[in-house]
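Structure first, commentary second.
This chain uses plain numbering: 1 for the first residue, then up along the sequence.
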Amino acid sequence: MSDRATTNHRGLAVLLTAGGVIGLVAATALLVEKIALLKNPDYIPTCSINPVLSCGSVMTTPQAEAFGIPNPILGVAGFAVCATIGAALLAGADFYRWFWLGLQAGVTFAVVFVHWLIFQSLYRIGALCPYCMVVWAVTIPIFVGVTVTNLQPLAQRGRPYSRVIAVVIEYRSLIVTAWFALIIIAITVRFWDYWTSLV
């Protein structure tokens with residue numbers, strides 16, 4: 001393989017651009033709400049809909065500033081990078097292998113962090129932030145898309161685990177769907193008493 005990636009990345013480019021823009025909008029909205037809450041502790045965020053779907057309950061917890069700064073700042077920066085890379089790929093940009101590995105490190109951190117936040121929301125805070133869930137929803141396919149792109153050179157026959165990698169690449173959409181399904185099931189089970197009380 002050459003130093004530069006040679007695979008056609010148009011699909012990934014669209015995913016990074018669209019996912020980056022959607023994530024950026026959600027993270028920006030969260031940041032605006034966070035600033036409003038810091039200015040006025042009595043402010044009720046627009047995304048506080050009911051006892052379960054409540055941004056306010058999430059924003060005031062230590063988990064909302066996991067690294068000493070509001071989490072949305074990380075989202076704004078990360079999704080802006082994703083959208084920029086996607087746009088560059090659509091314009092025909094070609095990146096070195098080290099760049100793809102750096103992007104892999106970034107999206108891996110993002111997906112791990114997101115799942116830590118999912119766990120905290122479900123089992124520690126006991127509330128869900130709608131904007132946060134949008135971030136979850138775009139981070140997972142972005143991670144899978146970048147990972148599949150980086151695995152493609154390893155899918156050549158004769159290499160260790162090439163068959164497993166080929167299966168992952170072929171069924172990537174199913175993997176994302178199953179991933180979403182597991183999260184939805186976890187949310188349903190965790191707040192089952194509340195959902196059933198609405199019926």
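The heavy-atom pair separating Ser57 from Thr61 by the smallest distance is O-CG2, 3.2 Å. The two atoms that bring Val58 and Ala127 nearest to each other are CG2-O, 3.9 Å, heavy atoms only. A pairwise comparison of heavy atoms in Lys34 and Pro70 identifies CG-CB, 4.2 Å as the closest pair. Minimum heavy-atom separation, Ala66 to Asn71: N-OD1, 3.2 Å. Taking all atoms of both residues into account, the shortest heavy-atom contact from Val146 to Leu12 is N-CD1, 3.8 Å. Looking at every heavy atom in both residues, Gly19 comes nearest to Phe79 through O-CD2, 4.0 Å.
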Without placing hydrogens or testing angles, list every side-chain donor-acceptor pair under 3.5 Å for residues 20-27, not counting sequence neighbours.
none

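A tilted orientation is assigned to the rings of Phe119 and Tyr123, their planes being inclined by 30° to 60°. Aromatic ring pairs are classed by plane angle as parallel below 30°, tilted from 30° to 60° and perpendicular above 60°; the pair His115 and Trp179 is tilted. Taking the six-membered ring where the residue is Trp, Phe67 and Phe109 present tilted rings, their angle falling between 30° and 60°.
Panel note: side chain Thr60, backbone Gly56; a donor-acceptor pair is recorded below 3.5 Å. In this structure a side-chain-to-backbone donor-acceptor pair under 3.5 Å is present from Glu33 to Thr46. With hydrogens and angles disregarded, a donor-acceptor distance shorter than 3.5 Å links the side chain of Thr196 to the backbone of Asp193. Arg190 contributes no side-chain N or O that, together with a main-chain N or O of Ile187, makes up a donor-acceptor pair within less than 3.5 Å. Remark: the backbone N or O of Leu101 is not paired with any side-chain donor or acceptor of Asn150 at under 3.5 angstrom. Judged by distance alone, the side chain of Ser48 and the main-chain N or O of Ile44 form no donor-acceptor pair under 3.5 Å.
Between Leu90 atom CG and Thr17 atom OG1 the span is 4.5 Å, to the nearest 0.5 Å. One finds the OG1 atom of Thr188 at 7.0 Å from the CD1 atom of Ile184 (value rounded to the nearest 0.5 Å). Distance check, rounded to the nearest 0.5 Å: OG1 of Thr108 to CZ of Phe143 gives 4.5 Å. A distance of 10.5 Å separates CD1 in Ile175 from CD in Glu170, rounded to the nearest 0.5 Å. From Trp136, atom CH2 reaches atom CD1 of Ile118 across 5.0 Å, with rounding to the nearest 0.5 Å. Interatomic distance, Trp100 CH2 to Ile85 CD1, rounded to the nearest 0.5 Å: 7.5 Å.
In this structure, Leu89 is not a member of the same hydrophobic cluster as Val14, with clusters built from ILVMFWY side-chain heavy atoms closer than 4.5 Å. Linking Ile, Leu, Val, Met, Phe, Trp and Tyr residues whenever their side-chain heavy atoms come within less than 4.5 Å leaves Val138 and Leu182 in two separate clusters. Using a 4.5 Å cut-off between side-chain heavy atoms of Ile, Leu, Val, Met, Phe, Trp and Tyr, with links allowed through other members, Val134 and Ile125 fall into different hydrophobic clusters. With hydrophobic clusters built from ILVMFWY side chains whose heavy atoms lie under 4.5 angstrom apart, Ile142 shares a cluster with Ile183. With hydrophobic clusters built from ILVMFWY side chains whose heavy atoms lie under 4.5 angstrom apart, Leu198 shares a cluster with Ile49.
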Residue pair Arg172, Thr147: steps toward the side-chain contact (heavy atoms from CB on, under 4.5 Å) verdict: CA-CA 10 Å; Arg172 58 188 178 273; Thr147 301; over 6 Å; no

Give the intermediate values and the outcome of side-chain contact (heavy atoms from CB on, under 4.5 Å) for residues Phe191 and Ser197. CA-CA 10 Å; Phe191 299 108; Ser197 71; over 6 Å; no

One pair to check against side-chain contact (heavy atoms from CB on, under 4.5 Å): Phe113 and Leu74. What are the steps and the verdict? CA-CA 11 Å; Phe113 185 47; Leu74 299 177; 4.1 Å; yes

Which is it for Trp116 and Gln63 under the side-chain contact (heavy atoms from CB on, under 4.5 Å) test, yes or no, and what are the steps along the way? CA-CA 9 Å; Trp116 179 80; Gln63 292 93 326; 3.7 Å; yes

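For the cysteines Cys55 and Cys47, the sulfur (SG) atoms lie within a distance shorter than 2.5 angstrom of each other.
Grouped by direct or indirect side-chain proximity (heavy atoms under 4.5 Å, Ile/Leu/Val/Met/Phe/Trp/Tyr only), Leu174 sits with Val167, Tyr171. Taking Ile, Leu, Val, Met, Phe, Trp and Tyr as hydrophobic and joining them when side-chain heavy atoms fall under 4.5 Å apart, one finds Leu30 in a cluster with Leu37, Tyr43, Met59, Tyr131.
Side-chain contact between Ser162 and Leu154 is absent, with no heavy atoms from C-beta onward closer than 4.5 Å.
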